[in-house]
Amino acid sequence: MFAKLALRNVRRSAKDYLVYFVTMTVVVALMFAFNSLLFAKDIQEMVDEVGILTVMLGLATFFIVIIVAWLINYMLRFIMEKRSREFGIYLLLGMEKRQIAQLYMRENMLLGAAAFLAGLVFGMLVQQILMAVLYSMILMEFRISIRIDRQCIVMTALCYAGCYLLALLRCKRKLRKMNIHSLINAERQNEAVKESHEEIKRWLLPLSIVFLLFFGVWLFCWKKWDTIVIVAFLIGLILVIYLFYTGLSAWVICYVRREGRAIYTGQNLFLLRQFASKIKTMRFTMGTLTALFVVAFLGCSIAMMFNFYQDHMLAEKMPFDIQLHSGYVENDFAAELAVIEENVTVEEAYAYQIYTNGTDQMNVYLYTHQRAFGDKYRNEDGSPDMEAIANDHGNVYCTYDTYMGLTDYNHLREMIGYEAVSMAEHEYVIHMKDRVFRETGDFSDQLFIEGSSGQLVCAGYYTEPFSQDGQNGGDYVIVVSDAEIAKMRPYYAELAVDIAGAAPDRLKDKIDAVSETSRKSMALDIGGNTCAGSDMILVWGSDNLVRDNLVKEMKCMLLPLIFPLIYIGLVFLCVALTVLSVQQLSDSAKYRFRYNVLKQIGMGTEEVARLVWKQLVLFYLCPALFAVVISGVIAGYVGGNFNFYSGVNTPSWFYFGISFLLFFGVYSIYFAVTYVGFLRNVEG
């Protein structure tokens with residue numbers, strides 16, 4: 001008998017809480033798809049190179065398990081309260097508490113098992129989509145292949161079952177403590193709205209807004225961010241979110257009590273009373289949902305930043321197919337070039353040298369005038385701290401300023417496809433990263449470059465991508481005439497190579513092996529003539545650059561950041577929307593009486609549909625819009641700093657805009673399903 005009753009209840013629950021069932025199916029599918037990345041053999045090879053994907057996905061899974069456990073516990077408690085009268089009747093009919101608890105656990109285990117199996121099937125499709133996206137991001141060919149790994153299934157099952165069992169045990173203990181009276185009246189008690197001290201509480205709304213403005217100013221004005229400050233900021237922001245909903249519900253209640261002018265317009269009185277009571281009973285839940293939305297928006301926005309960076313900036317950082325560096329100025333790169341010619345077709349190889357005149361005024365200016373360095377290289381009076389600069393030589397800039405001859409410069413520009421530059425004998429130009437130039441502007445009046453016939457005059461700046469992470473200078477190179485460069489000292493040697501087609505995998509490793517052998521045989525000590533530039537988002541120190549190899553490697557390094565953030569964002573969004581949808585759909589039966597009353601006093605079917613739409617929009621948009629404001633401000637701050645340190649020119653709002661559109665699509669689906677279901681229940 002209990003088995004039949006459990007099956008009947010499962011079918012009924014699956015129908016009444018379809019959104020919850022579908023969400024759990026989606027969560028299982030996402031878990032399975034992302035976990036499969038950890039056990040795919042071809043992905044494991046990339047993980048060995050990157051060394052962080054497993055850790056990041058594991059960390060993402062940890063947070064997702066916590067949120068999913070909260071969702072399951074919330075839903076089980078919610079369903080139990082909605083069925084409390086039914087359980088009370090079971091007690092009146094003679095069933096024991098133990099039997100009711102076992103029945104409830106059996107029902108939810110069956111429902112959870114059904115969602116798990118459906119999720120595995122759907123997860124195989126998600127897995128193929130995920131793998132196709134991953135392979136396209138790292139420029140590899142993908143072929144559809146169903147991968148069912150036993151370890152992946154076990155890992156997904158353990159995470160899912162752990163969440164479910166913990167929630168079931170907690171609900172079981174709560175159910176055993178209830179008596180017939182409490183069960184019969186549980187739903188009614190849940191509906192009760194206690195209004196006390198609302199006149200005082202309503203001031204929490206403007207107070208929370210003031211605090212939000214304070215946090216916004218704090219975010220953009222505070223300069224010395226550390227772990228303690230970040231934790232304090234987050235804790236304060238979360239507390240303000242919860243205060244906001246307490247103040248909002250009290251403010252609406254007080255507004256209705258005072259018979260504000262807006263309540264007599266249309267059905268505003270009905271909507272405001274519904275909204276106030278719902279916010280008051282769910283203010284903690286609404287605060288939690290807002291926090292989840294904020295995390296989802298920010299996670300996706302940051303993922304978009306890194307994805308845009310890898311799509312647009314990686315190739316620009318390496319405009320040459322192959323670029324080799326050597327601290328030995330007489331190096332002709334014969335051994336390395338032989339390896340390259342064995343593996344690819346070389347269209348052109350151009351060897352040249354970077355020079356120095358023994359001065360460091362350009363380096364000193366950049367050390368002391370970039371926001372990224374702050375006051376690190378300045379004394380208290382603002383003058384350059386030469387000791388600090390000397391200690392960091394080779395980390396950012398070389399010991400001395402870097403120069404290039406005009407002939408070499410124009411030849412390299414021709415290899416990349418840029419127009420040639422012309423200038424007089426007494427002039428010079430500066431080629432520097434666009435990111436740096438946008439910050440410093442024209443500072444040629446601060447430079448005093450002496451030529452053979454007096455001080456040279458700046459003829460302009462060029463900011464096209466030019467391989468300036470320690471190759472053609474770090475961040476910059478000063479270009480002078482061939483006559484002037486002939487009087488300078490060679491600093492280090494470079495080789496730029498243009499090849500036909502794409503470079504094969506591991507070509508860089510082969511070149512590195514030859515370079516290491518040559519360096520050891522000559523016992524070279526390159527000293528301070530190496531640098532890496534001032535980039536901070538993505539920095540690599542390598543003498544040999546093979547663009548096709550390194551772009552793929554850098555993309556693999558960014559994947560552990562992009563994928564887990566999107567993973568967390570999607571799950572958090574689905575969890576939050578599920579709670580909103582289930583709350584409204586479960587209350588639709590209660591609202592049926594209220595809407596029937598409205599029909600009896602003359603409201604038509606279309607008017608009822610519009611009123612339902614307004615009610616759901618008000619309820620759905622409240623946490624979403626609040627989260628959009630908070631996450632939009634934070635995303636703007638993070639995006640602005642990301643652009644500043646990475647050199648990306650994309651407006652900071654663009655990343656958040658893409659995230660908003662992505663999540664608005666998911667949001668619309670949940671809203672549409674809830675609206676149709678709510679309207680059907682009200683009219684049914």
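All heavy atoms count here, side chains included; hydrogens, waters and symmetry mates do not.
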> Could you go step by step and tell me if D321 and R547 meet the side-chain contact (heavy atoms from CB on, under 4.5 Å) rule?
Replying inline: CA-CA 5 Å; D321 291 337; R547 182 172 58 192; 2.3 Å; yes
> Can you name the residues that form a ring-ring contact (aromatic ring centres under 6.0 Å, His included) with Y350, not counting sequence neighbours?
Replying inline: Y352, H411
> Partners of D401 by side-chain contact (heavy atoms from CB on, under 4.5 Å), sequence neighbours excluded?
Replying inline: T359, D360, Q361, M362, N363, Y403, Y476
> Do N331 side-chain atoms and S326 backbone N/O form a donor-acceptor pair below 3.5 Å?
Replying inline: no
> Among all residues two or more places apart in sequence or in another chain, which pass the side-chain contact (heavy atoms from CB on, under 4.5 Å) test with E330?
Replying inline: Y328
> Looking at F572, F34, F63, which one forms a ring-ring contact (aromatic ring centres under 6.0 Å, His included) with Y567?
Replying inline: F34
>> Which residue in the set N544, V339, I340 passes side-chain contact (heavy atoms from CB on, under 4.5 Å) when paired with V514?
In response: V339
>> Quick one, L662 and C300 - any side-chain contact, counting heavy atoms below 4.5 Å?
In response: yes
> When you look at F333 and V497, which way does the side-chain contact (heavy atoms from CB on, under 4.5 Å) test go after all the steps?
Replying inline: CA-CA 11 Å; F333 301 99; V497 182; over 6 Å; no
> Has F664 got more than 12 heavy atoms of other residues, nucleotides or ligands less than 6.0 Å from its CZ?
Replying inline: no
> Is there a donor-acceptor contact under 3.5 Å from the side chain of Y377 to the main chain of L366?
Replying inline: no
>> Do K433 and D469 make a side-chain contact, defined as non-hydrogen atoms from C-beta onward lying under 4.5 Å apart?
In response: yes
>> Is there a side-chain contact (heavy atoms from CB on, under 4.5 Å) between I153 and F32? Walk through the geometry before answering.
In response: CA-CA 7 Å; I153 295 177; F32 175 80; 3.9 Å; yes
>> For a quick test of reading the model, state the closest non-hydrogen atom pair linking P504 to V344 and the distance between them.
In response: CD-CG1, 3.3 Å
> What distance do R371 atom CZ and N641 atom CG have between them, rounded to the nearest 0.5 Å?
Replying inline: 5.5 Å
>> Show the nearest heavy-atom pair for residues S515 and E336, with the distance to one decimal.
In response: OG-OE2, 2.9 Å
>> I'd like to know if the side chain of R413 reaches the main chain of A420, judged simply by a donor and an acceptor atom lying under 3.5 Å from each other, with no hydrogens or angles considered.
In response: no
> Roughly how far, to the nearest 0.5 Å, is the CE atom of M31 from the OG1 atom of T156?
Replying inline: 7.5 Å
>> Under the salt bridge (charged side-chain N to carboxylate O under 4.0 Å, His left out) definition, can you give me all pairs with a residue in residues 648-659, not counting sequence neighbours?
In response: none
>> When you compare the side chain of Y397 with that of D475, does any pair of heavy atoms fall below 4.5 Å?
In response: yes
> With no hydrogens and no angle check, is any side-chain donor or acceptor of N549 less than 3.5 Å from a backbone partner on L507?
Replying inline: yes
> So how far is it from I511 CD1 to I322 CD1, rounded to the nearest 0.5 Å?
Replying inline: 5.0 Å
>> Looking at E414, I'd like to know if its CD atom is crowded, meaning that more than 12 non-hydrogen atoms belonging to other residues, nucleotides or ligands lie closer than 6.0 Å.
In response: no
> Looking at G451 and E484, what are the two nearest heavy atoms and their distance?
Replying inline: CA-OE1, 3.4 Å
>> Any heavy-atom pair between the side chains of Y462 and V429 that's under 4.5 Å?
In response: yes
>> Do V436 and S534 have side chains that approach each other closer than 4.5 Å (heavy atoms only, starting at C-beta)?
In response: yes
>> Taking CG in L661 as the centre, count heavy atoms belonging to other residues, nucleotides or ligands within less than 6.0 Å. Is the count above 12?
In response: yes
> Does the side chain of P384 reach to within under 4.5 Å of the side chain of Y367, using non-hydrogen atoms?
Replying inline: no
> So, the side chain of R489 versus the backbone of T356: is there a donor-acceptor pair under 3.5 Å, distance only?
Replying inline: no
>> Quiz question: by atom type and distance under 3.5 Å, do the side chains of Y355 and Q353 form a donor-acceptor pair?
In response: yes
> When rounded to the nearest 0.5 angstrom, what distance separates NE2 in H431 from CE in M404?
Replying inline: 9.0 Å
> Which pair of non-hydrogen atoms, one from E347 and one from A500, has the smallest distance, and what is that distance?
Replying inline: OE2-CB, 3.4 Å
> Atom CD1 in I566, atom CD1 in I302: separation rounded to 0.5 Å?
Replying inline: 11.5 Å
> Where is the tightest heavy-atom contact between E494 and G470, given as atom of each residue plus distance?
Replying inline: OE2-O, 4.1 Å
> Are the side chain of D381 and the backbone of S383 linked by a donor-acceptor contact shorter than 3.5 Å?
Replying inline: yes
>> Measuring centre to centre across the rings, with the benzene-like ring taken for any Trp, is F306 within less than 6.0 Å of F642?
In response: yes
> Which pair of non-hydrogen atoms, one from A503 and one from V546, has the smallest distance, and what is that distance?
Replying inline: CB-CG1, 3.7 Å
> More than 12 non-hydrogen atoms from neighbouring residues, nucleotides or ligands closer than 6.0 Å to CZ on F654, yes or no?
Replying inline: no
> Going through the distances and angles, do L447 and I430 end up as a side-chain contact (heavy atoms from CB on, under 4.5 Å)?
Replying inline: CA-CA 11 Å; L447 303 177; I430 299 176; 3.8 Å; yes
> Residues two or more places apart in sequence or in another chain: which of them pass side-chain contact (heavy atoms from CB on, under 4.5 Å) with L406?
Replying inline: Y409, N410, M423, V479, D482
> How about I634 and F297: do any of their side-chain heavy atoms sit closer than 4.5 Å?
Replying inline: no
> When rounded to the nearest 0.5 angstrom, what distance separates CD in E464 from CD1 in I416?
Replying inline: 8.5 Å
> Parallel, tilted or perpendicular: which describes the rings of H325 and Y492, with under 30° parallel and over 60° perpendicular?
Replying inline: tilted
> Considering residues, nucleotides and ligands other than E380, do more than 12 of their heavy atoms fall under 6.0 Å from its CD?
Replying inline: no
>> Do M318 and Q323 have side chains that approach each other closer than 4.5 Å (heavy atoms only, starting at C-beta)?
In response: no
>> Closer than 3.5 angstrom, by distance alone: can the side chain of Q471 be matched with the main-chain N or O of L324 as a donor-acceptor pair?
In response: no
> Between T463 and R438, is any side-chain donor less than 3.5 angstrom from a side-chain acceptor?
Replying inline: no
>> Under the rule for side-chain contact (heavy atoms from CB on, under 4.5 Å), what residues qualify as partners of A483, not counting sequence neighbours?
In response: E425, S481
> Taking the side chain from T402 and the backbone from G473, do they hold a donor-acceptor pair closer than 3.5 Å?
Replying inline: no
